[in-house]
Amino acid sequence: MILQKKFYERETVLVAKQLLGKTLTKKIHGIELTGIITETEAYRGKDDPASHAAVKKTNRNQVMFGQVGMSYVYFTYGMYFMLNVVAKSKKQNAGAVLIRGIHPQNGIKIMKKNRGVKNMKDISNGPGKLTIAMGITMKQHNKDLTKKSELFISDGIKPKKIYQKSRIGISKGVEKQWNFSMNVKDHF
DNA sequence: TAAGAGATACTCT
DNA sequence: GAGTATCTCTTAA
């Protein structure tokens, strides 16, 4: 079951938590690469200084102000793409969830090749790594993730335990504990 | 195993 | 022109 708009039309932090254990699918050359989402971060709107959408709408962040369930891909540090999903309640002006880590399921060989690493755990245990492993670029920006296409998110497993931390790599809004993760080993 | 620095280009001021 | 929602390699212990 692909997650529908309603799933994303809730408070961003809640959606970030609920995305743990869900399945991310990327089609490439007719093959489905899939992975279980193991780490996420919530970025809201004007009430969140760390968010791209904290100040105002710009060319880059305008998707965060728009329709929920859309992908928000952006380029950072001169070489990495980040994958987000727009999620917000009707009260929020903007919001998105950063996918920070996945546990590879289908197409592990291809993802390994894309990354050029030996260890299974190094394939996609970071936001920049998983986009490389799955071949996600600006081409996947502003796509509808609630429809079965090149990129979508569907049901997965229910996490046994959820860990809550401060977000990573930011300088403002550090006090907000909006980083969520789960331990895949609990399930295998 | 931990800490530090460099790579690199895009976005916003 | 400064800062960046990161990763990898190198160095040292």
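In what follows, chains are A, B, ... by sequence order, proteins preceding strands, each numbered from 1.
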* Any side-chain heavy atom of V85(A) within less than 4.5 Å of one from I153(A)? -> yes

Quiz item: Reckon G78(A) touches a base, only the sugar-phosphate, or nothing at all at heavy-atom distances under 4.0 Å?
Solution: base

From CZ of F81(A) across to P of dC10(B) the rounded distance in Å is 9 Å

Checklist entry - Are the charged groups of D144(A) and K5(A) less than 4.0 angstrom apart, N to O? => result yes

Here the distance between atom P of dT8(B) and atom OH of Y74(A), to the nearest Å, is 20 Å

In Watson-Crick or G-U wobble terms, with both distances under 3.5 Å, the base opposite dT8(B) is none

- Message: Side-chain N or O of T76(A) versus OP1/OP2 of dT6(C): is the shortest distance under 4.0 Å?
- Response: no

Taken to the nearest whole Å, CG/N61(A) to P/dT4(C) is 16 Å

TODO: Give a yes or no on whether a salt bridge exists between E41(A) and R100(A), defined as a side-chain N under 4.0 angstrom from a carboxylate O.
DONE: yes

Under a 3.5 Å limit on both distances, the Watson-Crick or wobble mate of dT13(B) is none

Of the listed dT8(C), dT6(C), dA5(C), the closest approach to the R115(A) side chain comes from dT8(C)

| task | Give I170(A) one of three labels, base, sugar-phosphate or nothing, depending on what nucleic acid heavy atoms sit under 4.0 Å from its own. | result | sugar-phosphate

Are N179(A) and E39(A) close enough that a side-chain donor and a side-chain acceptor fall under 3.5 Å?
-> yes

Worksheet item: Does H52(A) have a side-chain nitrogen or oxygen under 4.0 Å from the phosphate oxygens OP1 or OP2 of dA5(C)?
Response: yes

K57(A) NZ to dT11(B) C1', in whole Å, measures 17 Å

Taken to the nearest whole Å, CZ/R100(A) to P/dA5(C) is 11 Å

Exam field: side chain D186(A) to backbone K160(A), donor-acceptor pair closer than 3.5 Å: no

Ranking dT13(B), dC12(B), dT6(C) by distance to the side chain of I168(A), first place goes to dT6(C)

Checking N1-N3 plus N6-O4 or O6-N4 for Watson-Crick, or N1-O2 and O6-N3 for wobble, each under 3.5 Å, the partner of dA5(C) is none

Taking dT6(C), dA5(C), dC12(B) as options, the one with an atom nearest any side-chain atom of R60(A) is dC12(B)

Contact class for M138(A) (heavy atom, under 4.0 Å): base, sugar-phosphate, or nothing? nothing

M79(A) CE to dC10(B) C1', in whole Å, measures 12 Å

Among dT8(C), dA9(B), dT4(C), the one nearest any side-chain atom of F75(A) is dA9(B)

**Message:** Tell me whether the side-chain N/O atoms of T58(A) come closer than 4.0 Å to OP1 or OP2 in dT11(B).
**Reply:** no

Note: for L98(A) and V117(A) on DNA chain C, the residue whose nearest nucleotide lies more 5' is L98(A)

Whole-Å distance, I132(A) CD1 to dT6(C) C1', equals 9 Å

Are Y77(A) and the base of dT6(C) stacked, counting only ring centres nearer than 5.5 Å and planes tilted under 30°?
yes

Between NZ of K172(A) and P of dT4(C) the distance, given in whole Å, is 7 Å

Query raised in the report: Within a strict 4.5 Å, meaning less than it, do heavy atoms of the T23(A) and F152(A) side chains meet?
Result: no

